[in-house]
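To start, the structure under review is shown below, and the notes come after it.
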2 protein chains.
Amino acid sequence: MATHGNPEPDDEACRQVLQILALIGDKWTIQVVGRLGDRTLRFSELHRAITGISQRMLTLTLRQLERDGLVTRTVHPSVPPRVDYTLTALGTTLLDAAVALGEWATTHRHEITDNRRRYDTTHPPRTQS
Amino acid sequence: MATHGNPEPDDEACRQVLQILALIGDKWTIQVVGRLGDRTLRFSELHRAITGISQRMLTLTLRQLERDGLVTRTVHPSVPPRVDYTLTALGTTLLDAAVALGEWATTHRHEITDNRRRYDTTHPPRTQS
DNA sequence: CGGGATCCGCTTCGATACTG
DNA sequence: CAGTATCGAAGCGGATCCCG
């Protein structure tokens with residue numbers, strides 16, 4: 001393991017992993033991947049399927065996923081233009097891992113919500129007193 | 001689980017799950033939880049263990065984890081003051097799930113890195129020339 | 001030693017307008 | 001339909017000072 005502040009190769013791997021984990025926490029990435037889990041969708045279908053996302057964010061999210069090789073972007077030279085997005089094999093493995101985490105969240109969400117309520121009522125706002 | 005885009009009361013659960021997933025993607029949360037995985041640590045130990053984190057961010061991260069019931073905060077009335085942080089049972093289950101995702105990231109990080117390089121060299125910068 | 005309060009730059013994101 | 005370009009608002013995070 002990295003012992004001192006030396007930029008060892010280990011350290012870089014850590015940053016890479018952290019960077020990939022950030023994908024999961026991204027507000028939209030998981031929702032897009034989840035929608036593409038069972039079938040191919042076109043841009044407008046994704047846009048309608050995901051409540052509250054803007055075209056800008058959908059574009060940026062898809063671009064990043066394409067860059068990472070998690071989704072495939074297929075442009076059909078037709079009028080009007082049509083672009084299909086599909087999950088790659090790599091993307092599917094990510095979805096599997098994310099689903100596991102989603103199940104954890106689903107299982108414990110009430111517990112966590114209760115903990116928050118209890119904390120908020122127990123601990124007075126610490127600004128002065 | 002919601003299979004298709006119906007705005008059901010299910011929607012709130014979805015937001016809760018998303019909110020919890022955001023914990024994972026948080027820059028510091030996973031690192032803190034990971035450090036507390038095997039043993040109890042005090043504030044200064046965590047601060048030294050996690051490279052680059054500020055006291056502010058460490059405090060905020062720990063506060064949130066305490067609020068969610070993932071870590072326990074123990075204040076020892078001594079001079080100088082000493083505060084210990086420990087993972088709760090719930091926190092341990094999160095760590096397990098996160099580790100699985102971390103292994104996914106570790107396994108595929110080279111693949112993803114390569115995909116990015118390939119994408120960056122293949123796709124020219126789209127800002128018109 | 002373990003934080004709280006404040007200032008402040010930087011990134012992120014939503015809304016809007018425009019293009020092929 | 002599927003984007004791109006730009007602008008402005010909001011939030012995150014770092015640096016600093018101070019207190020129990």
Side-chain angles (χ1 to χ4, degrees), chain A residues 5 15 18-19 21-32 35-36 40-67 71-86 119-120 123-129, chain B residues 15 18-19 21-32 35-36 40-67 71-86 119 123-129:
Chain A
R15 261 180 278 114
L18 263 281
Q19 192 180 354
L21 284 182
L23 280 182
I24 310 308
D26 188 75
K27 188 177 178 183
W28 304 116
T29 302
I30 287 298
Q31 299 187 62
V32 171
R35 288 292 175 175
L36 293 176
T40 295
L41 291 176
R42 51 189 300 186
F43 187 88
S44 54
E45 289 174 326
L46 278 170
H47 195 188
R48 257 178 281 111
I50 301 177
T51 311
I53 196 173
S54 60
Q55 321 90 317
R56 172 190 160 84
M57 277 300 101
L58 182 54
T59 299
L60 291 178
T61 302
L62 287 169
R63 197 75 66 207
Q64 186 187 15
L65 287 171
E66 185 197 2
R67 191 169 96 108
V71 305
T72 309
R73 179 172 181 266
T74 310
V75 181
H76 296 87
S78 59
V79 178
R82 173 201 182 96
V83 181
D84 284 343
Y85 291 93
T86 312
Y119 182 92
D120 291 342
H123 293 251
R126 54 222 329 93
T127 22
Q128 290 182 354
S129 60
Chain B
R15 262 180 278 117
L18 263 282
Q19 193 180 353
L21 284 183
L23 280 182
I24 310 306
D26 188 76
K27 189 177 178 184
W28 304 116
T29 302
I30 286 299
Q31 300 187 61
V32 171
R35 289 293 177 173
L36 293 175
T40 296
L41 290 176
R42 51 189 300 187
F43 186 88
S44 52
E45 289 174 327
L46 277 170
H47 195 188
R48 255 177 284 112
I50 302 176
T51 311
I53 196 173
S54 60
Q55 322 90 316
R56 172 189 161 86
M57 278 301 102
L58 182 54
T59 299
L60 291 178
T61 302
L62 287 169
R63 195 76 66 208
Q64 187 188 14
L65 288 172
E66 185 196 1
R67 191 171 97 107
V71 305
T72 309
R73 180 171 181 265
T74 310
V75 182
H76 296 87
S78 59
V79 178
R82 173 200 182 96
V83 182
D84 284 343
Y85 291 93
T86 313
Y119 182 93
H123 293 251
R126 48 213 345 83
T127 19
Q128 291 188 358
S129 55

Residues that [X] engages under side chain to side chain contact (heavy atoms under 4.5 Å, CB included), provided they are two or more places apart:
X	result
B:V79	none
A:I30	A:I24, A:A98, B:L21
A:T51	none
B:H47	B:I53, B:Q55, B:L58

Let me know the distance between [atom1] of [X] and [atom2] of [N], rounded to the nearest Å.
X	N	atom1	atom2	answer
A:L62	D:dA2	CG	C1'	11 Å
B:L60	C:dG3	CG	P	11 Å
A:E66	D:dG3	CD	C1'	13 Å
A:H123	C:dG4	NE2	P	12 Å
A:L41	D:dC1	CG	C1'	15 Å
B:R82	C:dC1	CZ	C1'	11 Å

My understanding is that only residues two or more places apart in sequence, or in another chain, count here; which of them pass side chain to side chain donor-acceptor pair (under 3.5 Å) with [X]?
X	answer
B:T72	none
A:R42	none
B:R15	none
B:T40	B:T86

Between protein and nucleotides 11-16 of chain C, map the contacts as a letter string: B base, S sugar-phosphate only, - none, heavy atoms under 4.0 Å, written 5' to 3'. --BBBB
Quick check on contacts: within residues 42-49 of chain B, what sits under 4.0 Å from DNA chain C by heavy-atom distance? B:R42, B:F43, B:S44
With a 4.0 Å limit, can you tell me whether A:R73 has a side-chain N or O closer than that to the phosphate oxygens OP1/OP2 of D:dA2? no
Are any of the side-chain nitrogens in A:D84 or A:R73 under 4.0 Å away from the carboxylate oxygens of its partner?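 So A:D84 does not pair with A:R73 through a salt bridge.
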With no hydrogens and no angle check, is any side-chain donor or acceptor of A:S54 less than 3.5 Å from a backbone partner on A:M57?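 A pair under 3.5 Å: yes.
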How bent is the helix from C:dC1-D:dG20 to C:dG20-D:dC1, measuring the angle between the end axes built from five pairs each, rounded to 10°?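 That helix has its two terminal axes inclined by roughly 40°.
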Does some side-chain heavy atom of B:L62 sit less than 4.5 Å from a side-chain heavy atom of B:F43?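 Yes, side chains in contact.
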